[in-house]
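To keep things clear, I will list the structure first and then write my remarks on it.
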Amino acid sequence: SGCTPRKCGRGVTDAVITREEAKRIRRIAERGLSLGGSEGGASILDLHSGALSLGKHFVNLYRYFGDKIQDIFTEEDFALYRDVRQRVQQKIAQAFGISSSSLYLTKPTFFSRINSTEAKTTHDEYWHPHVDKVTYGSFDYTSLLYLSDYAEDFGGGRFVFMDAGSNKTIEPQAGRVSFFTSGSENLHRVEKVRWGTRYAITISFTCNPDHGIGDPVL
């Protein structure tokens, strides 16, 4: 009550995160993903669970690298991550007329790095149409913070809502946030990246505190 979507919707804003903040966040992703990376075109880094693409598999970043993590990330990195997450959460709450305190961060919340390398496993096939509520049962609201620029840093890779009659397409720009209710009303896909590298972070929220997770800590 007071949180679960009563209306479907979506929004895009360039006014929540600055381009400079997005570039700082991107550097966190670059440093973390430099430790691994998929053999295919799509790599993920989840600071909460520690999941990191490595070859055709995933490893736990914190177990695999141990104390070396202190040389990769700083407390300031994690503070910026928390601050950005909170601002995105407040924007979603404002847009849908709910209390920010009713929303809980949920998993998976992760950085993605996509390039034009041929997919090696199904994990690399990011372009298939899907519904977040089906793919990730806990999602009620999904957001994406883009960390690189369409047509400047990469080609292809636009975000496409697959609506009846006509698609609605978002061109990623560093600092741009898109957000939407996670149900079947927002079937979507990502175009294949043709050249360059596309960075983004998916930040997702649930109304069910049982599915909530805490912010990552160093």
Side-chain angles (χ1 to χ4, degrees), residues 1-29 32 44-51 73-113 130-148 159 161 168 170 172-186 188 190 198-218:
S1 176
C3 178
T4 301
R6 294 189 175 275
K7 60 180 181 181
C8 56
R10 59 180 74 143
V12 181
T13 177
D14 294 339
V16 175
I17 311 298
T18 68
R19 286 182 63 82
E20 181 53 41
E21 287 168 330
K23 288 175 181 174
R24 287 169 58 201
I25 285 274
R26 174 174 160 173
R27 286 194 285 271
I28 299 172
I44 72 151
L45 166 65
D46 183 336
L47 290 180
H48 300 265
S49 69
F73 303 120
T74 67
E75 291 290 358
E76 288 77 14
D77 292 336
F78 281 66
L80 175 63
Y81 185 98
R82 285 193 300 274
D83 181 44
V84 165
R85 187 273 302 166
Q86 288 166 353
R87 277 186 272 162
V88 171
Q89 182 170 340
Q90 288 162 359
K91 180 61 183 178
I92 291 173
Q94 176 191 16
F96 288 99
I98 59 179
S99 168
S100 178
S101 61
S102 298
L103 291 172
Y104 301 88
L105 195 64
T106 193
K107 64 182 181 182
T109 285
F110 56 91
F111 290 105
S112 58
R113 182 185 70 193
H130 64 278
V131 171
D132 284 354
K133 191 72 176 170
V134 174
T135 306
Y136 314 106
S138 63
F139 285 24
D140 288 310
Y141 299 91
T142 306
S143 73
L144 290 116
L145 166 59
Y146 301 105
L147 305 175
S148 49
F159 186 98
F161 288 111
K168 305 292 190 301
I170 296 171
Q173 296 289 329
R176 177 166 292 168
V177 177
S178 66
F179 57 91
F180 50 94
T181 48
S182 305
S184 58
E185 68 280 359
N186 282 318
H188 61 273
V190 173
R198 177 193 192 269
Y199 284 91
I201 178 170
T202 299
I203 307 174
S204 308
F205 299 95
T206 182
C207 295
N208 185 344
D210 292 342
H211 293 150
I213 60 173
D215 286 307
V217 291
L218 189 58

Practice prompt. Mind listing the closest non-hydrogen atom pair of Ala95 and Lys7 along with its distance?
Written response: O-NZ, 4.3 Å
Discussion item. With side chain to side chain contact (heavy atoms under 4.5 Å, CB included) as the test, pick out the partner of Phe205 among Leu103, Asp140, Thr106.
Written reply: Leu103
Discussion item. Are the side chains of Tyr81 and Phe73 in contact, using a 4.5 Å heavy-atom criterion?
Written reply: no
Worksheet item: Is it true that a side-chain atom of Thr206 and a backbone atom of Gly212 form a donor plus acceptor pair closer than 3.5 Å?
Response: no
Worksheet item: Shortest non-hydrogen contact from Ile92 to Ser143?
Response: CD1-CB, 4.0 Å
Response to the item:
Nearest heavy-atom contact between Thr13 and Ala15 is OG1-N, 3.0 Å
Practice prompt. Could you tell me whether the side chain of Glu20 and the main chain of Thr18 form a donor-acceptor pair under 3.5 Å?
Written response: no
Response to the item:
Shortest non-hydrogen pair, Ala29 vs Tyr199, comes out as CB-CD2, 4.2 Å
Response to the item:
Glu76 meets the side-chain contact (heavy atoms from CB on, under 4.5 Å) criterion, sequence neighbours left out, with Thr74
Practice prompt. Using the test salt bridge (charged side-chain N to carboxylate O under 4.0 Å, His left out), find all partners of Arg85 that sit at least two apart in sequence or belong to another chain.
Written response: Asp215
Discussion item. With rounding to the nearest 0.5 angstrom, report the OG1 to CG distance, Thr202 to Asp46.
Written reply: 10.5 Å
Worksheet entry | Heavy-atom pair with the smallest gap, counting every atom of Ser102 and Gly2 | OG-O, 4.1 Å
Fill in: Interatomic distance, Leu144 atom CG to Ile201 atom CD1 [nearest 0.5 angstrom]
9.5 Å
Practice prompt. Please test Val177 against Arg87 for side-chain contact (heavy atoms from CB on, under 4.5 Å), starting from the C-alpha separation and ending with a verdict.
Written response: CA-CA 11 Å; Val177 177; Arg87 277 186 272 162; over 6 Å; no
Discussion item. I'd like to check the salt bridge (charged side-chain N to carboxylate O under 4.0 Å, His left out) partners of Lys23; sequence neighbours left out, ordered by chain and number.
Written reply: none
Fill in: With sequence neighbours excluded, residues passing side-chain hydrogen bond (donor to acceptor under 3.5 Å, both in side chains) with Ser100
none
Worksheet item: With sequence neighbours left out, what residues match Ser1 under side-chain hydrogen bond (donor to acceptor under 3.5 Å, both in side chains)?
Response: none
Worksheet item: Shortest non-hydrogen contact from Glu185 to Cys8?
Response: CG-CB, 3.1 Å
Worksheet entry | Side-chain touch Asp210/Tyr104, heavy atoms, less than 4.5 angstrom | no
Worksheet item: Can you name the salt bridge (charged side-chain N to carboxylate O under 4.0 Å, His left out) partners of Lys91, sequence neighbours left out?
Response: none
Response to the item:
Distance col, row Gln90:CD vs Ser99:OG, nearest 0.5 angstrom, shows 10.5 Å
Worksheet, complete the sentence: Applying side-chain hydrogen bond (donor to acceptor under 3.5 Å, both in side chains) to Ser182 and not counting sequence neighbours gives Thr142
Worksheet item: Mind checking what makes salt bridge (charged side-chain N to carboxylate O under 4.0 Å, His left out) contact with Arg176, not counting sequence neighbours?
Response: Asp14
Discussion item. Test of understanding: with ring pair (Phe, Tyr, Trp, His ring centres under 6.0 Å), list the residues that count as partners of Tyr136, not counting sequence neighbours.
Written reply: Phe139
Item to complete: Answer yes or no: is there a side-chain heavy-atom contact under 4.5 Å between Phe179 and Ile203?
Response: no
Discussion item. Among residues at least two apart in sequence or on other chains, which ones pass side-chain contact (heavy atoms from CB on, under 4.5 Å) with Ile213?
Written reply: His48, Leu105, Lys107
Worksheet item: How many angstroms lie between atom CZ of Arg113 and atom CD1 of Ile44, to the nearest 0.5 angstrom?
Response: 11.5 Å
Worksheet entry | Interatomic spacing from CG in Leu147 to CD1 in Ile25 - rounded to 0.5 Å | 7.0 Å
Practice prompt. Spell out, as yes or no, whether a donor-acceptor pair under 3.5 Å connects the side chain of Asn186 to the backbone of Thr181.
Written response: yes
Worksheet entry | CZ-OG distance between Arg10 and Ser178, expressed to the nearest 0.5 angstrom | 10.0 Å
Practice prompt. Could you pull out all residues at least two apart from His130 that satisfy side-chain hydrogen bond (donor to acceptor under 3.5 Å, both in side chains)?
Written response: Asp132, His188
Item to complete: Just grab all the ring pair (Phe, Tyr, Trp, His ring centres under 6.0 Å) pairs involving residues 83-103, residues at least two apart or on different chains.
Response: Phe96-Tyr141
